[in-house]
Q: 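Structure provided below as structure tokens; questions to follow.
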2 protein chains.
Amino acid sequence: MLYNHWALKVLLYFFMLVNLSLAIFEDPAVYALPIWVRLQLPHRDTLTLVDMIIYGALKAANYYGVRWSRVLRPLLLVNVTEGRQLRRAFRSIRNALPQIFYVFLLFMFSILIFALMALKLLGKRGLTNINGTPYFTSYLEIMFDLYVLVTTANSPDVMMPAYNANFFFAVFFIVYILINTYIFMSVFLAVVYNNYKKYLKEEVRQLVRAKRHKMVRAFGVLQEQREEGGEPVVTQASWNQLVRLVQPNLSNAHRELLWSVSDDKNQGAIGKVAFVQLADLLNIEIITIKSRPHPLQSLCPSLYQSAPSKLLCKLVQHRAFVMVYDLIILVNAVFIGLDEENPMIANSEWVFLALYILEILLKLYVFEPRVFFSKHSFWNWFDTIIVISALIATTVNSVMKSSSHFSSRQILDIVFILRVLRLIRVVDSIKRFRTIINTLIRIGPAILTFGQLIIVVYYIFAMVGMELFKRKVTFYEQSSTDPAKAYCGNPLLNGTDFAKLNYCRNNFNDVVSSFILLVELTVVNQWHDILYSGFATVTHISARIFFVLFHIIVVIVILNIFVAFVLEAFFVEYSVDKSDLQTSLERKIEELELAVAQYVTLQRVTHNSQPQYLHCHIPDRTLQHHLCVCFVSGYRTVDALLQRIFEADLDPEDFAENDDPEARGNENFANPLFSHA
Amino acid sequence: MLYNHWALKVLLYFFMLVNLSLAIFEDPAVYALPIWVRLQLPHRDTLTLVDMIIYGALKAANYYGVRWSRVLRPLLLVNVTEGRQLRRAFRSIRNALPQIFYVFLLFMFSILIFALMALKLLGKRGLTNINGTPYFTSYLEIMFDLYVLVTTANSPDVMMPAYNANFFFAVFFIVYILINTYIFMSVFLAVVYNNYKKYLKEEVRQLVRAKRHKMVRAFGVLQEQREEGGEPVVTQASWNQLVRLVQPNLSNAHRELLWSVSDDKNQGAIGKVAFVQLADLLNIEIITIKSRPHPLQSLCPSLYQSAPSKLLCKLVQHRAFVMVYDLIILVNAVFIGLDEENPMIANSEWVFLALYILEILLKLYVFEPRVFFSKHSFWNWFDTIIVISALIATTVNSVMKSSSHFSSRQILDIVFILRVLRLIRVVDSIKRFRTIINTLIRIGPAILTFGQLIIVVYYIFAMVGMELFKRKVTFYEQSSTDPAKAYCGNPLLNGTDFAKLNYCRNNFNDVVSSFILLVELTVVNQWHDILYSGFATVTHISARIFFVLFHIIVVIVILNIFVAFVLEAFFVEYSVDKSDLQTSLERKIEELELAVAQYVTLQRVTHNSQPQYLHCHIPDRTLQHHLCVCFVSGYRTVDALLQRIFEADLDPEDFAENDDPEARGNENFANPLFSHA
């Protein structure tokens, strides 16, 4: 309990953040710190300490030293308990690598063959590139050009000299693009997808087995023999105690619901099979909202129940109210697009702000505030925060403007962003859009895992890149008049595309620039310009290895896994099947609806345009002061989503009572947090 | 039978080709024809005739006329019987469009919001583009720039001015790229994939039902009542007659095998269920090879059976023989890469040619020629054709060189290409590569369907593009000294990127150039340069609509379907399941192996590294003069592959005896060719 206390967790993450953000202060630094702080900072663990001592000694002796431990730093992220998803992603990638490697070899072989053909066909014709250099004469250059063509970054430039000479040569490039860019890249996606899924399925299977095994052990601890010779059972009392311990925030109604699902026959005790389901049951999110009267009704019931008040409530809940506000948003969008120097338009902003605030106040008048601001009312929270922030920022801006005749650019920027963000709300009014957005929000946590993965890989490449290329390229502010600005402070870049395209800021001089540059490299376009005329010019031609390696790892492997995961998660969210547990919970709620008096109306509003998912549509428009009990098909954890994806392939009765020696479950999936296991 | 005669089919395809290739001769033409031919050509069908009359009348009256029927011409491809796959692809796309449309709307909404934010944040800062024009000041321009950024074509250029001003603006672009380029594009793939698959599954289901329904009707015609009150059956005699009629080329052994699979209990007649399977059985490809003695053995048995001859056979069949030739290929690759002006290296080519010919002769000495050149020995055919062509081309080249001291560039090119193609053979020696290549070859026919689809769409866009942009941009040969060459013959292009990058040949002046340009647009990179400074400059800014429309249709919809199909087909080929029919056929072959004397050895060499597919590995290395009966997991038709993909979702016992009025099967899938149905 102490280990999992939230304060310790916050502390852990805080130190992880400090550790990773060291890159901001270390040489090459975004903000340079005094020397003693820099010496103090890395003294936290032995590995870095050893590295520090070696580095210090080398530096003192005036040798060139490299801080190699910096590259390993993001691996700390992987090794904490919460890095489980990340570890799993790494393991799946590692397992899929051999298959990917063979396709990659074949792909490289294809490039070799095409390069050889290009050399023979085009090398001897005396063609020239656009800058007058000979075209396709060096085998290595051709191979590299063709590799870049796979990323499409140098299309159609690489083909133009040959195409200008004879249009039959275009056929060569079209065949190349068809085979390597389209077919091979699709095969990469297929192989990555297939293998990643295969290993992930195996991992999830082991995870589920480990979870069940733990539940069986827990059952062994809690079990009682009710009657002589009968099956061992867990009584409701000990079950309640357990659930209260594991999830203290669970409401009584929710706990009772779960119990009634487990104890289907109302015997006051459950067997092993039902007990093991508990972990999965807790992973299904259920929203329970108590039906409370509006506070105004308690305060002044006569006013709130009066005819005009009732009419107002009716108006606000009418469809037309939503449509009027959608129209207001559209008009607002036009006004935002117009020139705000015009005083009439500048003042119109106050009108719109007033209208939005009026909307929120009206809704708060009609709906119970605690329902309106319930945990899952994403759009209500979004609206309110945006409108209030916009009100504050606009007021501050006006006050500053009128008092000192000075308007802060930053505050204005914030005002503009908030104004535009307000428009997003219109999406929620259109059902089809809501479906897509909800799906995206639901697969969001899983996408974040890939965010972590990308950050780890970026961090490593940024560290290596900074070591290799720091201060080779200098960025000069626009106001600078230094003649070196024309060639990014490096005479070698004089006249190159890199300098001409004004790419000086794409450099490895600090960690922030490095990350932005790596994003540009991930997007792929112009990467040959960044590298060819850029970093290869200022260092050595072998600098290409760094960039090609980055492309292979990030674009070919990780992005494909990302696409595979989005595809898979999307299919599950779109699919028609429902998990068995969800069905039985749903049936139970229906039964309880009749049995328990306090469950007045079960509001079944399907968010997803597919009736099999029950969603609680809490927003303003539909809620009618009832208690609302319903399912949210979202899962609490990424694990639960993964289990759902592979549910069809898992055997529900597969209890591994004895530890399978092959299943590394207990080692890899050991997790002290019960709610996560 | 007459309708399906091969000669009539060839004629049909010939006229379709002539019709489509009219574009080569029509204005703007690759080869201009005399006026009377041009007048004669389009008089083939009424639609074109009407169009022609209108066009001629307008032209005669000196009005501007557009030949609108040209755009519709590729639709003829869709409407022939063999365009079934294409029609299905079109129908699936049409059905998936509504879903794609909603995601597209949301995606456009996202671009609108980001563009509005960019206008407010960046438009007022007085930033300039690299060419000095104001940065992000027009809302429409920003939207277009951001749309281009989704295709990554203008990354990172579009971001550099903002990034140079303040690095926080980079965050705006990174968020934009993350949401729109990565997440939305993945969602597009997911939605296209999901919907396309859903509708395709429905189509395949209908196809299978229609097929079964026809088989049931055929059964009704052929059935006999063998005994009073018994089930109606089809006797072996009428079954044989039917199969002989449908597939006259089927060997007797093959037919007997199929019969023994259908008539499992050896009753001499089959019931309805077994009869209906016939169509599926015929779609499983089986290779039967008769075991024949080597011709040399018949001619001079004493010599062929002598000890040196036997040793030679042993040597050629040894693993080392393959490895030696792989080594020779590698050495050859190095020699090709070297400068062929060196006489030693030029002469080495003869040595390699001699070695390759020796290899083929040796193999023909050891293996029975008809087995060596059997229909499915792809690599043997490939080797022999390449080596013999290379021999002829090299000889012709040498003769021309020595006789007239003139070497033809074309023949040299062919020689070079053939030399390089020879190297591909090395792939066949590595098992892992063979697996991947075989998978690709097997999904090849399905990929060709998309080839047709792409050609139809390209053709339509080429026709429209030629009408809109013909002769706006002129390409001058490299030898030309015309000053107009610097601006592609159009003063409007003076100093633009389009002219500077030497893109003059990217134009719509004839159908070949148009197709190559459309391929470049499909690859996406630089499309904003081709369009921005190119065709929008010489015509009107609204020319963008053409290019954006092309991007949406080809890149967002069709390429995603292509990727989806490759993924799906790859998964099936990689998957572990096998169809039921294949299993029973396999079992039967095993039984027959014991029962029928002539089936000496069943050679089970798994090409696919997965034991569930039986492949006949006929190539040189393993065949031992036996009769070989085995499966090829490939399917004869794309339909069969599709049926396999969705097999898990099809009910094997679903006989639609009565025509389902909803199933448009009979209308859409009516096919006079029995073997296809």
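Quick note: numbers below take in every heavy atom, side chains included, and nothing from hydrogens, waters or symmetry partners. Just so it is clear: chains get the letters A, B, ... in the order the sequence lines come, proteins before strands, and each one is counted from 1.
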Q: Quick one: pull up CZ in A/F109 and CD1 in B/I430 and give me the separation to the nearest 0.5 Å.
A: 7.5 Å

Q: Tell me, with the steps shown, if A/T152 and B/V524 meet side chain to side chain contact (heavy atoms under 4.5 Å, CB included).
A: CA-CA 8 Å; A/T152 76; B/V524 163; 5.9 Å; no

Q: Could you check if a side-chain atom of B/S513 sits within less than 4.5 angstrom of a side-chain atom of A/F167, using non-hydrogen atoms only?
A: no

Q: Are the side chains of A/F416 and B/L119 in contact, using a 4.5 Å heavy-atom criterion?
A: no

Q: Relative to chain A, which segment of B/Y476 carries a heavy atom at a distance below 4.5 Å: side chain, backbone, both, or neither?
A: neither

Q: For the interface with chain B, which of A/V187, A/V171, A/L149 has the highest count of heavy-atom pairs at distances below 4.5 Å?
A: A/V187

Q: Relative to chain A, which of B/N164, B/V519, B/I130 shows the most heavy atom pairs under 4.5 Å?
A: B/N164

Q: Less than 4.5 Å apart, side chain to side chain, heavy atoms only: is that true for B/M117 and A/R419?
A: no

Q: Tell me, side chain or backbone of A/L440 under 4.5 Å from chain B's heavy atoms, or both, or neither?
A: side chain

Q: Among B/V426, B/V566, B/I336, which residue forms the greatest number of heavy-atom pairs with chain A at distances under 4.5 Å?
A: B/I336

Q: Side-chain contact test, heavy atoms from C-beta onward, threshold under 4.5 Å: evaluate it for A/L189 versus B/V563 and give yes or no.
A: yes

Q: Does the side chain of B/Y163 come within less than 4.5 Å of A/N506's, by heavy atoms?
A: yes

Q: Atom CZ in A/R422, atom CD1 in B/I113: separation rounded to 0.5 Å?
A: 11.0 Å

Q: Distance from B/Q99 atom CD to A/I436 atom CD1, nearest 0.5 Å?
A: 7.5 Å

Q: Is any side-chain heavy atom of A/V427 closer than 4.5 Å to one of B/L106?
A: yes

Q: Can you tell which part of B/K124 gets under 4.5 Å to a heavy atom of chain A, answering side chain, backbone, both or neither?
A: both

Q: Considering only heavy atoms, which portion of A/F114 lies under 4.5 Å from any heavy atom of chain B: side chain, backbone, both, or neither?
A: neither

Q: Can you tell me which of A/S155, A/A115, A/S186 forms the most heavy-atom pairs within a distance under 4.5 Å of chain B?
A: A/S155

Q: So, taking the atom named CD1 in A/I414 and the one named CG in B/L121, what distance separates them when rounded to the nearest 0.5 Å?
A: 10.0 Å

Q: What part of B/N166 gets within 4.5 angstrom of chain A, counting heavy atoms only: side chain, backbone, both, or neither?
A: backbone

Q: What part of B/L112 is in contact with chain A, defined as an atom under 4.5 angstrom from a non-hydrogen atom: side chain, backbone, both or neither?
A: neither

Q: Is the closest side-chain heavy-atom distance between B/I516 and A/M159 below 4.5 Å?
A: yes

Q: Could you look at B/T522 and say if it's the side chain, the backbone, both or neither that has a heavy atom under 4.5 Å from chain A?
A: both

Q: Under the side chain to side chain contact (heavy atoms under 4.5 Å, CB included) rule, what do B/L567 and A/L567 come out as? Steps first, then yes or no, please.
A: CA-CA 11 Å; B/L567 285 181; A/L567 286 181; 4.1 Å; yes

Q: Among residues at least two apart in sequence or on other chains, which ones pass side-chain hydrogen bond (donor to acceptor under 3.5 Å, both in side chains) with A/Y102?
A: none

Q: Which one, B/L559, B/T151, B/V415, leads in non-hydrogen pairs under 4.5 Å with chain A?
A: B/L559

Q: Do any of residues 175-185 of chain B have a heavy atom less than 4.5 Å from a heavy atom of chain A, and if so, which, in residue order?
A: B/I177, B/Y182, B/I183

Q: Hey, are the side chains of A/N525 and B/N154 touching, using non-hydrogen atoms and a 4.5 Å cut-off?
A: no

Q: Of all of B/K120, B/Q526, B/R505, which one pairs up most often with chain A through heavy atoms under 4.5 Å apart?
A: B/R505

Q: Please identify, among A/Y139, A/F475, A/F173, the residue contributing the most non-hydrogen atom pairs under 4.5 Å to chain B.
A: A/F475

